[in-house]
There are 2 protein chains.
Amino acid sequence: MIILSIDDHNVEPPTVFDGRLEAKFADRAPKMVRDDKGKDHWLFEGKDVATVGLNATVSWPKEEWGMDPSSIAEMRPGVYLVDERVRDMDRNGILASMCFPSLPGFSGGRFYEAQDKELASAVLQAYNDWHIEDWCGSHRGRFIPLAIVQGWDPELAAAEIRRVAAKGVRAISLPELPHLLGLPSYVSDYWNPIWQACSETAVVVCLHIGQGLDAINMGPDFSIDNFMVLATQVSVLCTQDLIWGPAMRSFPDLKFAFSEGGIGWIPFLLDRIDRHYENQKHTGQDFGDKLPSEVFREHSLACFISDPTSLKLYKEIGPEIIAFEVDYPHSDSVWPNAPEFLLQQCQDAGMSDDEIDLVTYKNVARFCSYDPFTHIPKEKATVGALRAQSPDVDTSVVSRAEFRKRYESNPAFDVASA
Amino acid sequence: MIILSIDDHNVEPPTVFDGRLEAKFADRAPKMVRDDKGKDHWLFEGKDVATVGLNATVSWPKEEWGMDPSSIAEMRPGVYLVDERVRDMDRNGILASMCFPSLPGFSGGRFYEAQDKELASAVLQAYNDWHIEDWCGSHRGRFIPLAIVQGWDPELAAAEIRRVAAKGVRAISLPELPHLLGLPSYVSDYWNPIWQACSETAVVVCLHIGQGLDAINMGPDFSIDNFMVLATQVSVLCTQDLIWGPAMRSFPDLKFAFSEGGIGWIPFLLDRIDRHYENQKHTGQDFGDKLPSEVFREHSLACFISDPTSLKLYKEIGPEIIAFEVDYPHSDSVWPNAPEFLLQQCQDAGMSDDEIDLVTYKNVARFCSYDPFTHIPKEKATVGALRAQSPDVDTSVVSRAEFRKRYESNPAFDVASA
């Protein structure tokens, strides 16, 4: 069994921008500070833009989970130290991982909101370089590089896509619903320069859940459970803008990964879209000789962690558009037994071994134009071989207090007081 | 084959309030007027509250469909004349139908927004009496009576539920997301008097799609296709408020029908809710010895027209919580060949004859405490027997202009000019 995980997260160490910015910007880079409660925050342009470690719960006891701000001191070191991350991946049988940013938001949204866009662009490029060189570059063959782009300026973003593609980046992360950021939505042609650059470079566009929840009015007294469960439903909103707008129809080579979106929304949505398209001719949509569902399948990769019932419809959904992801270190993630967890789901769904290979690694490799065996031969890429490489990884449940104690006796980073 | 349709619509004739209101309210009832383009509108409290026949497209040519206002003159007479409706039901093999209101909105929302709530309550009661006596009462055994209630005053609504239940009503229609109307959402205990009255009278609560779309910010330039397809996604929002709030947990006998919601959202949502519940203990939810999915299944009926792929998961969803509906006369409806359309879906999904009976009529009968054979013996209730009763129903495609010509030569109702 070989596994690529198309959605994980890194939490950035405080050193992420060190030595990566021109002098005129260096002092104005985001800066991590620790408050008097011991929580870490990122400051940028005079504002607290991000709390650190939100939801980075891996290996904590369940009763300590939550959506509270945290500190790198309380986190499992694999969350923010790349060498430790790779050991945790070994233990989880993950050959290679695509990691989404934390500080900038999953698609860099905090830089979209910056006042000084020249600064924001410089910081964003420094961030990408850190991700490519320090994070992914430190362990060749273990990460699929992902970049963020300047969505507030599609031509600038297109140039950044070409720049990072040349450095090995295989995907970019974009907002699920850019109209929530005051930008045109994906039904407009504003995004065409980005679609064009991605098409030319075979760079995948990732649309990660959790960014579009503000699109839904859940009422003044909504339940946090409602909020957390709904996250995956936003993939439907995003998908429809891509279907009815120009993205999927006008850019035949463009590819979208619905990161952490799950798969269960797909059969329901596609049946309804096809029936709508065939019934409601008065809306004037035209997909030529195809159905909208066919166009969707040509462009999409559905990324899931746990969706056991819907996986039984894998043949109808399309076994070639489904991919597994781990979501390390978030609370929905599966660690350290992802292979067993995934295999059970696939077998319960009735998949053959060949079909399981599609979902565990072949679909990601094809979709991202990523050869997983360039740096690591296949026989060293299996779950068994990876686990044998790091037999001593501690998988026990560890409290936040215990992590802090370990950190303080041997701090990995200095963080300034707020 | 026997079919009950748990979701259709009547379009009200202009005479709906005639003779049904006290003198002090009679002049202030909603009034249908025809504008200089020949479109019909309802006026209430000095405002144009509803255009007539929106989406009542049955038997129109596809190129004439749309969401434009229309006139009863352009509609198939079965839309607004009950004798014609029953003949159309005969032709479609439908033994009995639950009909949702048009003028008041699917759950009476236009009365919720009235300035004079005493007037609104009187009009609402008159509407219910018309529905029970004139519409449903004219053909015994052919309609399952449905009422609207005063959601702006839950105690008043509870009294209305008891009043109409005594007259044979088996369900009420409520807003999907009442917080959009400025009322507390379903996570609050505001609704408890209504839940209590429905529990005591075994009256089902119907939550019809199309009412909650304003909860979703689709962007300034959203596609009408996105809007129309998303309607069924709102059932997820509504369901979560009922699951996380008191409704499903505190009222064991309470029942919810997700009218026109489809079924494909259910496996995806329930898998995610159960995993969330078991993982995210920190949110403090408690379902006792059950999973949230079990609680949902005890309280819910999923109503669908066309959901062929998801129906293949009928065993996982629960064959006893799925019911068919026709949606006559809207553009998503299936007429005049609902039996063939439904049977094909069920057979493609691999259902046995006994399971098909559940979906076509037994689930609705049990859920609504409605005996379909009280007035009509079983042998006269089959698709074949009903069709034999009305062999001369015209099923040809008829243009709006042709309907208007027929209407003008023999107008069913006088409508005042605006």
Novice: For B:Trp244, is it the side chain, the backbone, both or neither that has a heavy atom under 4.5 Å from a heavy atom of chain A?
Specialist: side chain

Novice: Are side-chain heavy atoms of A:Ile224 and B:Gln285 found at a separation under 4.5 Å?
Specialist: no

Novice: Heavy-atom cut-off 4.5 Å, strictly under: side chain, backbone, both or neither for B:Ile263 against chain A?
Specialist: backbone

Novice: Drop me the distance from B:Ile305's CD1 to A:Arg272's CZ, to the nearest 0.5 angstrom.
Specialist: 7.5 Å

Novice: Has A:Lys281 got more than 12 heavy atoms of other residues, nucleotides or ligands less than 6.0 Å from its NZ?
Specialist: yes

Novice: Can you give me the closest heavy-atom contact between A:Glu278 and B:Lys62, atom names plus distance?
Specialist: O-CE, 3.5 Å

Novice: Which distance, rounded to the nearest 0.5 Å, do you find between the OG1 of B:Thr232 and the NE2 of A:His276?
Specialist: 11.5 Å

Novice: Where on B:Leu180 is there a heavy atom nearer than 4.5 Å to chain A: the side chain, the backbone, both, or neither?
Specialist: side chain

Novice: Can you tell me which portion of B:Asn279 sits under 4.5 Å from chain A's heavy atoms? Options are side chain, backbone, both or neither.
Specialist: both

Novice: Based on non-hydrogen pairs under 4.5 Å, which of B:Glu64, B:Met228, B:Lys312, B:Glu316 is most in contact with chain A?
Specialist: B:Met228

Novice: Looking at B:Pro220 and A:His179, what are the two nearest heavy atoms and their distance?
Specialist: CD-CB, 4.0 Å

Novice: B:Val229 versus A:Gln280: any side-chain heavy-atom pair under 4.5 Å?
Specialist: no

Novice: Please round to the nearest 0.5 Å and tell me the distance separating atom CG of A:Leu270 and atom OG of B:Ser310.
Specialist: 10.0 Å

Novice: Do A:Gln233 and B:Leu269 pass the side chain to side chain contact (heavy atoms under 4.5 Å, CB included) test, and can you show the C-alpha distance, the side-chain angles, and the key distance before you say yes or no?
Specialist: CA-CA 9 Å; A:Gln233 304 284 337; B:Leu269 181 69; 4.2 Å; yes

Novice: Supply the atom-to-atom distance B:Leu237 CG to A:Asn226 CG, rounded to the nearest 0.5 angstrom.
Specialist: 7.0 Å

Novice: To the nearest 0.5 Å, how far apart are CZ in A:Phe222 and CD in B:Gln240?
Specialist: 11.5 Å

Novice: A:Arg275 side chain to B:Asp307 main-chain N or O, any donor-acceptor pair under 3.5 Å?
Specialist: no

Novice: Once rounded to the nearest 0.5 Å, what's the spacing between atom CG of B:Leu177 and atom CE of A:Met218?
Specialist: 11.0 Å

Novice: Which bit of A:Asp225 is near chain B, if near means a heavy-atom gap under 4.5 Å: side chain, backbone, both or neither?
Specialist: both

Novice: In the structure I gave you, are the side-chain heavy atoms of A:Leu313 and B:Leu313 within less than 4.5 Å of one another anywhere?
Specialist: yes

Novice: Answer yes if the side chains of A:Asp221 and B:Ser185 hold a donor-acceptor pair under 3.5 Å, and no otherwise.
Specialist: yes

Novice: Quick check for you: among A:Ser188, A:Pro267, A:Gly66, which has the greatest number of heavy-atom pairs under 4.5 Å with chain B?
Specialist: A:Gly66

Novice: Among A:Asp332, A:Val187, A:Thr57, which has the most heavy-atom pairs under 4.5 Å with chain B?
Specialist: A:Asp332

